Colleague: 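This is the structure I have questions about; it appears just below.
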Protein chains: 2
Amino acid sequence: MPADLTTQTRKEREFQVREELILTHARRLLIERGFQAWNMEQLAEAVEYSKGTLYQHFTSKEDLVLAVATDSLRNRADWFEKAARFQGSTRERSRAIGFACCEFAEKCPEYFHVEMMLKSASFWEKASEERRQAHSFQGARCWRILNHIVVEAMALNEMPRDSFTAEEATFALVSVTVGSHVMTQEPQIRVQAGITNPMQAVRINQDIVCDGLNWKPLFRDHDYSKTDQRIIAEVFPEAVNWYKA
Amino acid sequence: MPADLTTQTRKEREFQVREELILTHARRLLIERGFQAWNMEQLAEAVEYSKGTLYQHFTSKEDLVLAVATDSLRNRADWFEKAARFQGSTRERSRAIGFACCEFAEKCPEYFHVEMMLKSASFWEKASEERRQAHSFQGARCWRILNHIVVEAMALNEMPRDSFTAEEATFALVSVTVGSHVMTQEPQIRVQAGITNPMQAVRINQDIVCDGLNWKPLFRDHDYSKTDQRIIAEVFPEAVNWYKA
DNA sequence: TTCTTTTTTTGACCAACGGTCAAATATTTT
DNA sequence: AAAATATTTGACCGTTGGTCAAAAAAAGAA
């Protein structure tokens with residue numbers, strides 16, 4: 001998020017440009033090698049600064065990686081917002097968010113890897129309070145956008161109110177999405193489940209959960225292929241490579 | 001799995017006893033502190049052997065931790081088997097497996113933590129081929145048990161065959177379960193979703209997916225509380241602490 | 001029992017890496 | 001041009017996973 005350039009001094013701007021340079025290279029290393037298989041020395045070399053300079057921006061390797069993840073998460077929230085504005089029924093809009101999730105997984109493949117590490121307390125503890133808050137903030141944005149659609153669906157009686165609360169419904173969608181992404185990463189599961197297109201597998205599971213929530217119109221009663229094409233055309237004008245009709 | 005004691009020499013038996021001692025202490029450290037916050041030296045001290053001896057059993061710290069995880073996973077598969085033998089409809093039996101998952105999460109809290117680490121290639125690579133295979137084997141057992149019930153449900157027309165394949169249905173259940181466990185670990189999500197009982201949240205999500213798969217009798221049409229009590233009484237005779245009616 | 005051989009255990013040692021900070025370098029001010 | 005301030009650097013440190021030659025223990029031979 002480029003803060004307003006007018007109130008910044010040249011120094012501050014240079015500092016920010018360098019931070020983005022570091023983040024870019026760190027993301028590349030994360031994608032290419034994961035977390036362990038590179039060190040701060042190598043990153044310093046890549047950005048053509050010394051190790052000490054890196055530590056002027058980040059308190060630890062974990063802090064840096066969390067910053068990369070938060071950057072990605074901000075993108076996801078932005079995509080969520082755009083998807084939520086899709087013109088259609090509440091279920092169609094939640095579907096657009098499902099697409100945003102897949103697009104996110106495709107464009108920010110390092111994210112889920114970092115997300116897994118975030119579950120371990122020791123990782124989280126090594127990051128700075130500032131970055132932890134930034135990450136929580138973007139996470140909360142994503143939750144709020146989806147939850148808002150669920151609440152609206154219940155208000156419009158497109159989803160029954162008596163079975164589950166809006167929070168339970170939102171939680172179910174979030175859980176199945178994360179779980180599906182995690183499981184599709186596992187080669188063994190891919191074989192056992194016969195998965196050839198991971199993104200499609202994720203979306204099928206989202207359909208199952210929405211149907212389980214009785215979110216009308218049900219997937220099993222309704223053909224969403226027209227909606228899907230509109231979502232791709234209107235929300236993701238750039239090519240979406242993972243979609244198979 | 002204690003191999004047959006008769007064909008083993010005394011040495012071999014002692015070796016095995018020591019391995020179990022190491023695994024026990026490693027599991028305790030994993031639960032108490034996670035993966036990072038203890039080192040091999042401390043573990044060696046705890047088991048009253050030297051570091052070098054640990055490396056006669058395990059090729060690396062990761063190899064050791066994978067062994068702990070596989071031990072737990074074997075327990076889960078055993079619980080799955082027991083749950084699958086529950087007398088009832090296919091959906092009731094899948095419900096019993098859902099309970100087994102919760103019981104597992106409660107009794108082996110270190111497992112999900114390790115499972116997350118297994119997603120990173122570098123971790124997996126540091127473990128020995130032998131232990132990787134053992135882990136895959138137990139994972140496959142769990143899959144097979146659940147998948148078998150799904151196949152049977154379709155054969156008995158308790159779940160429609162035309163919407164999803166048996167593998168897709170199994171995958172959906174596995175995904176939502178893993179995802180729910182992962183998400184309930186996250187304090188922020190707990191607050192946002194208003195979760196007070198994580199295990200109940202997991203089971204709700206399983207109900208939603210089963211309903212989405214149109215697995216009869218549907219949760220929304222049927223009261224499963226009697227079934228739940230039977231499952232607890234018959235499959236988990238020891239106290240189940242997390243269940244709230 | 002005593003000496004020799006084999007097996008097992010040990011902990012000093014190594015390399016790798018995240019992180020620090022005094023010194024060097026660059027920039028700004030006077 | 002010199003002094004003052006700010007920034008960058010990389011040698012250095014502590015920790016830790018992992019190794020291996022030497023020590024200790026066990027087994028075997030006499």
Side-chain angles (χ1 to χ4, degrees), chain A residues 8-19 21-23 25-26 29-30 33-68 114 117 120-131, chain B residues 8-23 25-26 29-30 32-68 114 117 120-131:
Chain A
Q8 286 184 318
T9 66
R10 176 174 61 76
K11 291 259 168 159
E12 284 168 333
R13 261 177 285 132
E14 282 173 0
F15 189 85
Q16 203 179 301
V17 166
R18 191 171 63 186
E19 185 148 321
L21 179 74
I22 297 170
L23 288 174
H25 280 268
L29 287 169
L30 273 174
R33 312 193 201 171
F35 180 76
Q36 299 277 2
W38 56 275
N39 58 44
M40 296 298 273
E41 197 64 54
Q42 289 163 5
L43 175 60
E45 214 170 298
V47 296
E48 292 182 281
Y49 284 95
S50 74
K51 203 158 57 152
T53 302
L54 297 184
Y55 283 92
Q56 286 193 333
H57 291 261
F58 307 98
T59 64
S60 66
K61 190 180 182 186
E62 284 80 2
D63 193 47
L64 191 163
V65 167
L66 179 59
V68 173
V114 177
M117 294 191 293
S120 89
S122 62
F123 187 99
W124 199 251
E125 282 161 10
K126 283 175 194 156
S128 63
E129 181 57 29
E130 200 184 353
R131 308 236 183 240
Chain B
Q8 286 184 319
T9 66
R10 177 172 60 77
K11 292 258 169 162
E12 285 169 332
R13 263 177 284 132
E14 282 173 359
F15 189 84
Q16 203 179 302
V17 165
R18 190 171 64 186
E19 185 147 320
E20 271 156 35
L21 179 75
I22 297 170
L23 288 173
H25 280 268
L29 287 170
L30 272 173
E32 287 172 3
R33 312 193 201 170
F35 181 75
Q36 299 276 4
W38 56 273
N39 58 43
M40 297 298 272
E41 197 63 54
Q42 289 162 5
L43 176 59
E45 214 170 299
V47 296
E48 292 183 283
Y49 283 95
S50 74
K51 204 159 57 152
T53 302
L54 297 184
Y55 282 92
Q56 285 194 335
H57 291 262
F58 307 97
T59 64
S60 66
K61 190 181 181 184
E62 283 80 3
D63 193 47
L64 192 164
V65 167
L66 179 59
V68 173
V114 177
M117 293 191 294
S120 89
S122 62
F123 186 99
W124 198 250
E125 280 160 12
K126 283 175 194 156
S128 64
E129 183 56 29
E130 201 185 352
R131 309 231 182 242

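Everything quoted here is computed from the prediction, not taken from an experiment. Chain A is the first sequence line, chain B the second, and so forth, proteins listed ahead of strands; every chain is numbered from 1.
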Colleague: Which atoms form the tightest heavy-atom contact between B:Ser50 and B:Ala44, and what is the distance?
Modeller: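 Of all heavy-atom pairs spanning B:Ser50 and B:Ala44, the closest is C-CB, 3.7 Å.
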Colleague: Once you round it to whole Å, what is the distance between C1' of D:dA6 and CD of A:Glu12?
Modeller: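 Value for this atom pair: 14 Å.
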Colleague: Indicate the atoms forming the closest heavy-atom contact of A:Ala67 with A:Leu23, along with that distance.
Modeller: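 Looking at all heavy atoms of both residues, the shortest contact is CB-CD2, 3.8 Å.
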Colleague: Are there any protein N/O atoms within less than 3.5 Å of an N/O atom in nucleotides 23-29 of chain D, and if so, which ones and at what distance?
Modeller:
{"residue": "D:dA27", "atom": "OP1", "partner": "B:Arg10", "partner atom": "NH2", "Å": "2.6"}

Colleague: Tell me, for nucleotides 8-17 of chain D in 5' to 3' order, what letter each nucleotide earns: B for a base near a protein heavy atom under 4.0 Å, S for only sugar-phosphate near one, - for neither?
Modeller: BBB-----SB
Colleague: Is there any salt bridge (charged side-chain N to carboxylate O under 4.0 Å, His left out) pair reaching into residues 38-58 of chain A, and which pairs are they, with sequence neighbours excluded?
Modeller: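 Output for this query lists A:Glu41-A:Lys51.
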Colleague: Who passes ring-ring contact (aromatic ring centres under 6.0 Å, His included) against B:Tyr55, sequence neighbours left out?
Modeller: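 For B:Tyr55 there are no ring-ring contact (aromatic ring centres under 6.0 Å, His included) partners, ignoring immediate neighbours.
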Colleague: With salt bridge (charged side-chain N to carboxylate O under 4.0 Å, His left out) as the rule and sequence neighbours excluded, what pairs involving residues 52-68 of chain A come up?
Modeller: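 As it turns out, the salt bridge (charged side-chain N to carboxylate O under 4.0 Å, His left out) pairs with a partner in residues 52-68 of chain A, which skip direct neighbours, are A:Glu62-A:Lys126, A:Asp63-A:Arg131.
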Colleague: List the residues meeting salt bridge (Lys or Arg N to Asp or Glu O under 4.0 Å) with B:Glu14, not counting sequence neighbours, and say none if there are none.
Modeller: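 In terms of salt bridge (Lys or Arg N to Asp or Glu O under 4.0 Å), with neighbours along the sequence ignored, B:Glu14 is linked to B:Arg10.
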Colleague: Between A:Ala127 and A:Leu66, what is the shortest heavy-atom contact and its length?
Modeller: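 Of all heavy-atom pairs spanning A:Ala127 and A:Leu66, the closest is CB-CD2, 3.5 Å.
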Colleague: Please name all residues satisfying side-chain hydrogen bond (donor to acceptor under 3.5 Å, both in side chains) with B:Glu125, sequence neighbours left out, ordered by chain then number.
Modeller: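 Counting only residues at least two positions away or on another chain, B:Glu125 forms no side-chain hydrogen bond (donor to acceptor under 3.5 Å, both in side chains).
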Colleague: What residues form a side chain to side chain contact (heavy atoms under 4.5 Å, CB included) with B:Glu32, not counting sequence neighbours?
Modeller: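 Side chain to side chain contact (heavy atoms under 4.5 Å, CB included) list for B:Glu32, sorted by chain: B:Arg28.
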Colleague: Quick check on the helix from C:dT1-D:dA30 to C:dT30-D:dA1: what's the angle between its two end axes, five base pairs per end, to the nearest 10°?
Modeller: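 Angle reported: 20°, given to the nearest ten degrees.
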Colleague: Could you pull out all residues at least two apart from B:Val47 that satisfy side chain to side chain contact (heavy atoms under 4.5 Å, CB included)?
Modeller: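 Side chain to side chain contact (heavy atoms under 4.5 Å, CB included) check on B:Val47 returns B:Leu21, B:Ile22, B:His25, B:Leu43, B:Tyr49, B:Leu54.
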